[in-house]
Amino acid sequence: MPELAEVAYACRQWNPGIGKFVKEVYTNPNSRVFRDLSREQVMSELSGAKLTSSATHGKQMLFKFSGNRWLGLHLGMTGSLHIENSSYKHCKQDALILLQSKQTLIFRDPRQFGRLRLHTGKEAPSWWSELPLSMLDSEFQSEILDDAMKRHSKRPVKALLLDQRYFQGMGNWMADEVLWRAHIHPAQRCAGISSAVRKKLFTQIKFVANGAMNSVGKHGGDPPKGWLFHVRWKNGGFCPKTNVPLIREEIGGRTSCWSPGLQKL
DNA sequence: ATACCTGTTTCCCG
DNA sequence: CCGGGAAACAGGTA
């Protein structure tokens with residue numbers, strides 16, 4: 001379930017492995033997550049290396065190993081990280097396994113939309129250091145939203161929110177949550193949004209990003225009670241604010257859920 | 001059997 | 001060159 005806060009939580013699953021050496025590496029020869037690199041290189045570079053730190057930025061993860069090795073990891077649609085004891089036997093969906101003396105670190109991804117990257121160097125790779133500002137950063141301010149909306153004036157606002165160039169870590173459920181709170185219809189074109197409504201939108205982007213980190217990001221469970229999240233997954237849900245039946249429809253290429261009346265075109 | 005899916009990249013169009 | 005949208009990727013689940 002990998003959006004901003006779920007990625008942060010997933011990343012922490014490997015924390016018990018920090019400071020420990022990797023004895024052995026398993027790579028699944030059939031997994032597409034290796035499409036940008038060679039499995040042989042992953043095995044040779046990570047075998048014997050010590051995991052020294054981990055970090056996330058939006059949906060991206062970066063693990064640092066001794067010997068100036070770096071492993072970039074993206075969970076895609078169905079990726080997940082796990083930790084098991086050292087007698088763990090891999091299953092079909094496991095893409096990468098780092099075997100340590102006391103535990104096994106697992107990257108599992110049945111649908112294989114995730115991806116791995118390798119980098120060697122004193123500094124983190126440029127694709128990481130050049131990522132757009134995080135929504136959680138105090139420097140993430142409304143000008144970013146204003147500029148994006150100006151540039152993409154014809155796009156439905158829902159599609160803009162999902163654009164990782166501007167909103168690192170925003171995913172489908174977060175975007176629906178934000179628009180529901182800001183009372184904006186997901187199909188609304190950016191050009192049709194007033195600066196007053198834009199302000200509300202920015203406030204809710206920050207609120208949902210921070211709120212998700214403080215709930216999902218901490219314990220890995222669901223967001224707080226009352227969030228749209230709990231009722232948006234399937235047809236038949238009701239708006240937590242107005243108790244009116246919700247609408248689900250594809251907008252901007254993704255299933256969107258909104259509350260008619262509250263969010264009008 | 002069929003439809004659906006918490007993401008990203010690539011390709012095509014204007 | 002750009003912005004915008006659809007298709008493709010793949011397999012588990014309902």
Side-chain angles (χ1 to χ4, degrees), chain A residues 1-11 13 28-37 56-61 72-82 90-95 107-117 127-128 131-132 135 147-180 186-192 205 208-209 211-213 215-217 219-223 227-237 246-258:
Chain A
M1 346 204 271
E3 300 183 19
L4 179 79
E6 288 127 350
V7 171
Y9 182 78
C11 184
Q13 301 312 296
N28 184 332
N30 301 312
S31 181
R32 276 186 81 246
V33 307
F34 297 102
R35 61 194 173 281
D36 295 333
L37 39 65
T56 69
H57 186 99
K59 297 173 192 170
Q60 306 284 348
M61 297 187 206
L73 196 157
H74 192 293
L75 295 172
M77 197 87 106
T78 55
S80 54
L81 298 191
H82 305 269
H90 68 79
C91 68
K92 195 178 94 179
Q93 297 109 324
D94 293 342
F107 169 31
R108 186 174 299 150
D109 187 5
R111 230 169 135 187
Q112 304 164 52
F113 288 176
R115 60 138 71 162
L116 290 168
R117 304 156 112 155
W127 64 259
W128 170 267
L131 285 171
M135 293 188 285
D147 293 348
M149 292 187 87
K150 196 170 290 176
R151 175 179 293 264
H152 302 281
S153 59
K154 299 226 176 86
R155 289 178 89 177
V157 62
K158 169 71 182 276
L160 185 73
L161 287 181
L162 292 174
D163 194 324
Q164 302 298 301
R165 287 174 292 184
Y166 309 107
F167 311 106
Q168 282 284 302
M170 184 77 75
N172 205 22
W173 75 253
M174 287 181 75
D176 280 354
E177 191 77 47
V178 166
L179 293 171
W180 175 66
Q188 176 68 58
R189 305 280 154 173
C190 291
I205 290 171
V208 170
M213 289 301 286
S215 53
V216 180
H219 52 62
D222 287 347
W227 282 38
L228 183 69
F229 177 93
H230 302 281
V231 290
R232 67 170 294 283
W233 297 106
K234 47 190 193 313
N235 293 326
L246 296 165
I247 300 180
R248 277 163 49 88
E249 217 172 87
E250 182 170 308
I251 291 169
R254 310 296 303 280
T255 299
S256 301
C257 177
W258 71 94

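Just so we're on the same page: letters track the sequence lines, and every chain starts at 1. Only a predicted model underlies this, so the values are computations on that prediction, with no experimental measurement involved.
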Classify the nucleic acid contact of [X] as base, sugar-phosphate or nothing, counting any heavy atom under 4.0 Å across all strands shown.
{"X": "A/K92", "result": "sugar-phosphate"}
{"X": "A/R165", "result": "nothing"}
{"X": "A/R189", "result": "sugar-phosphate"}
{"X": "A/P156", "result": "sugar-phosphate"}
{"X": "A/G253", "result": "nothing"}
{"X": "A/R254", "result": "base"}

Can you tell me how far the [atom1] atom of [X] sits from the [atom2] atom of [Y], to the nearest 0.5 Å?
{"X": "A/L179", "Y": "A/C257", "atom1": "CG", "atom2": "SG", "result": "11.0 Å"}
{"X": "A/L162", "Y": "A/M170", "atom1": "CG", "atom2": "CE", "result": "8.0 Å"}
{"X": "A/F107", "Y": "A/S31", "atom1": "CZ", "atom2": "OG", "result": "7.0 Å"}

Spacing of [X] atom [atom1] relative to [N] atom [atom2], expressed in whole Å:
{"X": "A/N172", "N": "B/dG7", "atom1": "CG", "atom2": "P", "result": "6 Å"}
{"X": "A/L160", "N": "C/dG4", "atom1": "CG", "atom2": "P", "result": "9 Å"}
{"X": "A/L162", "N": "B/dT8", "atom1": "CG", "atom2": "P", "result": "9 Å"}
{"X": "A/H152", "N": "C/dC2", "atom1": "NE2", "atom2": "C1'", "result": "10 Å"}
{"X": "A/L116", "N": "B/dT8", "atom1": "CG", "atom2": "P", "result": "15 Å"}
{"X": "A/K150", "N": "C/dG4", "atom1": "NZ", "atom2": "C1'", "result": "20 Å"}
{"X": "A/D163", "N": "B/dT9", "atom1": "CG", "atom2": "P", "result": "11 Å"}
{"X": "A/N235", "N": "B/dC4", "atom1": "CG", "atom2": "P", "result": "10 Å"}

Rounded P spacing from B/dT6 to C/dG4 in Å: 22 Å

Inter-nucleotide P distance (B/dA3, C/dA7), Å rounded: 15 Å

Nucleotide nearest [X] when distance is taken to its side chain, options [options]:
{"X": "A/P110", "options": "C/dG12, B/dT9, C/dC9", "answer": "C/dG12"}
{"X": "A/Q93", "options": "B/dT6, B/dT8, C/dG12", "answer": "C/dG12"}
{"X": "A/H74", "options": "B/dT6, B/dG7, C/dG12", "answer": "B/dG7"}
{"X": "A/Q112", "options": "B/dT6, C/dG4, C/dG11", "answer": "C/dG11"}
{"X": "A/K154", "options": "B/dG7, C/dC2, C/dG4", "answer": "C/dG4"}

Side chain to side chain contact (heavy atoms under 4.5 Å, CB included) partner of A/D109, chosen from A/L116, A/D94, A/L73, A/T78: A/T78

For a 4.5 angstrom cut-off between non-hydrogen side-chain atoms, does [X] reach [Y]?
{"X": "A/M174", "Y": "A/F167", "answer": "no"}
{"X": "A/C91", "Y": "A/R108", "answer": "yes"}
{"X": "A/N28", "Y": "A/H90", "answer": "no"}
{"X": "A/R117", "Y": "A/Q60", "answer": "yes"}
{"X": "A/K59", "Y": "A/L75", "answer": "no"}

Phosphate OP1/OP2 of B/dG7: any A/R32 side-chain N/O under 4.0 Å: no

A/R151 side chain near C/dG3 phosphate (N/O to OP1/OP2, under 4.0 Å): yes

Duplex segments of DNA chain C, taken as runs of at least three Watson-Crick or G-U pairs that stay under 3.5 Å: B:2-5 with C:11-14, B:7-14 with C:2-9

A/F113-C/dC9 aromatic stacking (under 5.5 Å, under 30°): yes

